[in-house]
Amino acid sequence: MSAEPNRPSISQLAAARVPTDGGDAAYLDGLNPEQREAVLHTEGPLLVLAGAGTGKTRVLTTRLAHIIATRKAWPSQTLTVTFTNKAAREMRERAMQLIGPDGEGLRWLGTFHSISAQILRRHAELVGLKSSFTILDTDDQIRLCKQIIEAENIDPKRWTPRFLAGLIDGWKNRALTPDKVPGDEAYQFADGRGIKCYEIYQARLKVLNACDFGDLLIHNITLFQQNPDLLADFHSKFKYILVDEYQDTNVAQYLWLRLLAQGNSNICCVGDDDQSIYGWRGAEVDNILRFEKDFPGAKVIRLERNYRSTKHILAAASSVIGFNKGRLGKTLYVGDEESEDPDAEKVKVRGLWDGEAEARLISDDIESWRNTGRKYEDCAVLVRASWQMRLFEERFIMLGIPYRVIGGPRFFERAEIRDALAYLRLIRSPDDDLAFERVVNQPKRGVGASSLQKLQRYAREDGRSLFVLTPMILQTDEIKGPAKRGLTQFVDQINMWRDKLAGGMPHTDLAEIILEESGYTDMLQKDRSPQAQTRLDNLKELINALSQFDTLTAFLEHVELVMDVSGDSGGDEVQIMTLHGAKGLEWPLVFLPGWEEEVFPSRRSLDESGMKGLEEERRLAYVGITRARESARITFVANRQIYGRWQSVLPSRFVDELPHEHVDVMAETGYSTQPGADTGFSGSIEDLGERSTYESPGWRRLQANSKRGVAEAPTTIEGSGELLAASGGPSAFKIGQRVFHDKFGYGRVKAAEGTKLTVDFEKTGQKKVISTFLQGV
DNA sequence: GATTTAGATATTTTT
DNA sequence: TATCTAAATC
């Protein structure tokens, strides 16, 4: 959303000596006078609790712009932190629309991690790092953990590297250095060896001159705590601190902020406890719940006027979130009662037979939306887990509906991109052992696991890096044959490339040469697998991305912290993404499929985090519903294939938590078009309102008697036929039971043996069937 | 050292 | 069902 073109910018107002209050206030339409006053003029801690769609970003940018326009601080004296690079970009753009070129000076506007990295680069030596330190990503972390587990002789099956990495990450999220981890938590890993592994991990990082993401903040905290003078410098530097999405901060981020805010307490946090959906990643909703205690004298304002959605959508979202305990409590209300459409569509809830029927219904809905002159890009399908996207993609491809999947594997996390980056990293910093290990045999140079192990053993004893030691070991006869040749070539090539870079070769040219000379492109060109071409394309894209940076170092810094490549948003396409990915976005029409127990709320969440997990799932439901402006459509199914297994599933408890007056609920089996097959049913929410009423006639039939049958033989049915039941077996059907098949019509079960079910059909002469359902009647 | 095969294992995702 | 990893075989 952009600022209204006719409205003067704050800097223009300031320049014209117009009282800025009048001008600024115009940017804060949804706020009452006291709230405007608070946003613009509060000195000292301020918490803005902003419900979904109440203009949270606008509040933050307006405050920032006002501070600068009124010269309370220079742009470089403000610190503005966000969670994502996207949010940071948006914030900068919006601020610049308000204050013009002054915005260029916003040096300290960025993500927690990018700002910490800036600070750490400047003072790295104080925590024992060189300022050229590399930043490891998740993949590197896991590989490092794997090495540690192997070195410690821990069974990697029982204690996986991923688990250890997760544990360390969790500790870092809570700002726990190895000496601070509570003793009993050590037993979460390998009978008490968790802390030891953590210590080794940290020691290794120091040797590698590297940091992981968590370290960026932890090192900052140590830096501040151990160097009061330095901290004081920052206190005088940052006159105002602004924080976006405060509900997502973890303990480390909270401590970091608190240290920086100690100076003058001019900290303004914006957030919504009801939209905290990253608990599994260390976010502490408690931070926002405790704000007034943490920052004494804090002013708190609540934004509850929503300009985005219809009353039905808001009522649905409020009702569901109302089932959570321990909220700060906000009630969203419609921003503009007068322009509210009295005929606004209620939230639609539809129960369907299975995932395919769900995809069919949603695609039909999208087509009819499109036929009324609306756009594809105004619709979104928001799922709980990415595996749910597949069915929609298949259906959309079949119908030719243009769509875009948002999320999915990230560009810089793809194997080929990481390989290419590893070459570049190794050229820049020879001590980067993880990069060395990654590409020393990629493409194949005959350097296998055993040769690499020898090198690693020497490196560990010597304390120097693999790249430095390899030439020395090659002098000896320790490594022979193809491995020796391969290693020699590898080291020579890396050195040669580094010389070329030092000799002034442009880094884009160098990257192409590396891919060519290393044989990497060759390897992919020979590869006949369907992915090979995409991989080559991705590498071209990488070169393209490289060309946008002046130096290799600048590029690598960008990649390490800003792990996204600005995807062209493309044309008129339906958006498919996870609920997590949808935060901060909105569409006129939003589909929310898969509202089934165990799927959403997700079983894992409930198993692992119990009530806390359930509440977070519920917040996810709240986020999902509030993405919709005009229409929200929720669906659930009776049968779902999960990991290839058919399962019958119950509607999500969240369906029961919707407000009756604002939703319209219908459930059907998908057979209702079949003459005489009155298995479809529809009803009001009351029919589905209580758990026991899933025994409403249609539903129980689906639950108790339905099994998916796959007909394999015979291809022609003459009065009777055999069906192979794919799931549950024929035992789900009783002998003599009347059944219905959507191609063969009605019949009666004659025999059920093994996996075969014999059915007498009333009609004869049916044609070939590939796969279809058999249903009890 | 490379290739094949069997077995286990399964969210959400940003930095 | 699909994907990744480790053992088994070439």
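Letters A, B, ... mirror the listed sequences (proteins, then strands); counts begin at 1. This one's a predicted model, so the numbers in the text were calculated from it and none came from an experiment.
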Distance test, side-chain N/O of [X] to OP1/OP2 of [N], below 4.0 Å:
X         : N       : answer
Asn85(A)  : dT14(B) : no
Thr111(A) : dT14(B) : no
Ser386(A) : dT11(B) : no

Quiz item: Closest nucleotide of DNA chain B for Leu606(A) versus for Ser451(A): which of these residues is on the 5' side?
Solution: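 Looking at DNA chain B, the more 5' nearest nucleotide goes with Ser451(A).
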Quiz item: So what's dT3(C) paired with, Watson-Crick or G-U wobble, going by both distances under 3.5 Å?
Solution: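 For dT3(C), the partner nucleotide comes out as dA8(B), under the 3.5 Å rule.
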Closest to side chain of [X], choosing from [options]:
X         : options                   : value
Arg281(A) : dT13(B), dT15(B), dA2(B)  : dT13(B)
Ser605(A) : dT11(B), dA2(B), dT15(B)  : dT11(B)
His113(A) : dT13(B), dT15(B), dT11(B) : dT15(B)
Ser450(A) : dT13(B), dT15(B), dG1(B)  : dG1(B)
Ala483(A) : dT14(B), dT13(B), dG1(B)  : dG1(B)

Could you tell me whether [X] contacts a base, only the sugar-phosphate backbone, or nothing, with contacts defined as non-hydrogen atoms closer than 4.0 Å?
X         : value
Ser602(A) : base
Glu598(A) : nothing
Asn441(A) : sugar-phosphate

Would [X] and [Y] count as a close aromatic pair, with their ring centres under 6.0 Å?
X         : Y         : answer
His580(A) : Trp280(A) : yes
Phe436(A) : Phe490(A) : yes
Phe234(A) : Phe224(A) : yes

Please report, rounded to the nearest Å, how far the [atom2] atom of [N] is from the [atom1] atom of [X].
X         : N       : atom1 : atom2 : result
Asn250(A) : dT15(B) : CG    : C1'   : 11 Å
Ile135(A) : dT15(B) : CD1   : P     : 13 Å
Ile642(A) : dT12(B) : CD1   : P     : 13 Å
Lys583(A) : dT15(B) : NZ    : P     : 12 Å
Phe83(A)  : dT15(B) : CZ    : P     : 11 Å
Arg604(A) : dA10(B) : CZ    : C1'   : 8 Å
Met389(A) : dA2(C)  : CE    : P     : 17 Å
Met577(A) : dT13(B) : CE    : P     : 11 Å

Quiz prompt | Side chain Thr138(A) and base dT15(B) donor-acceptor under 3.5 Å | solution =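 A donor-acceptor contact between them is present.
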Quiz item: Quick one: the side chain of Arg384(A) and the base of dT12(B), do they pair up donor-acceptor inside 3.5 Å?
Solution: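 Such a pair exists between side chain and base.
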Practice problem: Check for a donor-acceptor pair, side chain of Glu596(A) on one end and backbone N or O of Val637(A) on the other, with a separation under 3.5 Å. | Solution: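 Checking the backbone N and O of Val637(A) against the side chain of Glu596(A), a donor-acceptor pair under 3.5 Å is found.
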Quiz item: Is there a donor in the side chain of Gln147(A) and an acceptor in the side chain of Glu437(A), or the other way round, less than 3.5 Å apart?
Solution: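 The answer is yes; a qualifying pair exists.
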Quiz item: Does the side-chain ring of Trp280(A) sit on the six-membered ring of the dT12(B) base, less than 5.5 Å centre to centre and under 30° in tilt?
Solution: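 A stacking contact exists, since Trp280(A) sits close and nearly parallel to the base ring of dT12(B).
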Exercise. Report the residue from Asp274(A), Asp244(A), Asp272(A), Asp248(A) that forms a salt bridge (charged side-chain N to carboxylate O under 4.0 Å, His left out) with Lys583(A).
Key: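 Of the listed residues Asp274(A), Asp244(A), Asp272(A), Asp248(A), the salt bridge (charged side-chain N to carboxylate O under 4.0 Å, His left out) partner of Lys583(A) is Asp248(A).
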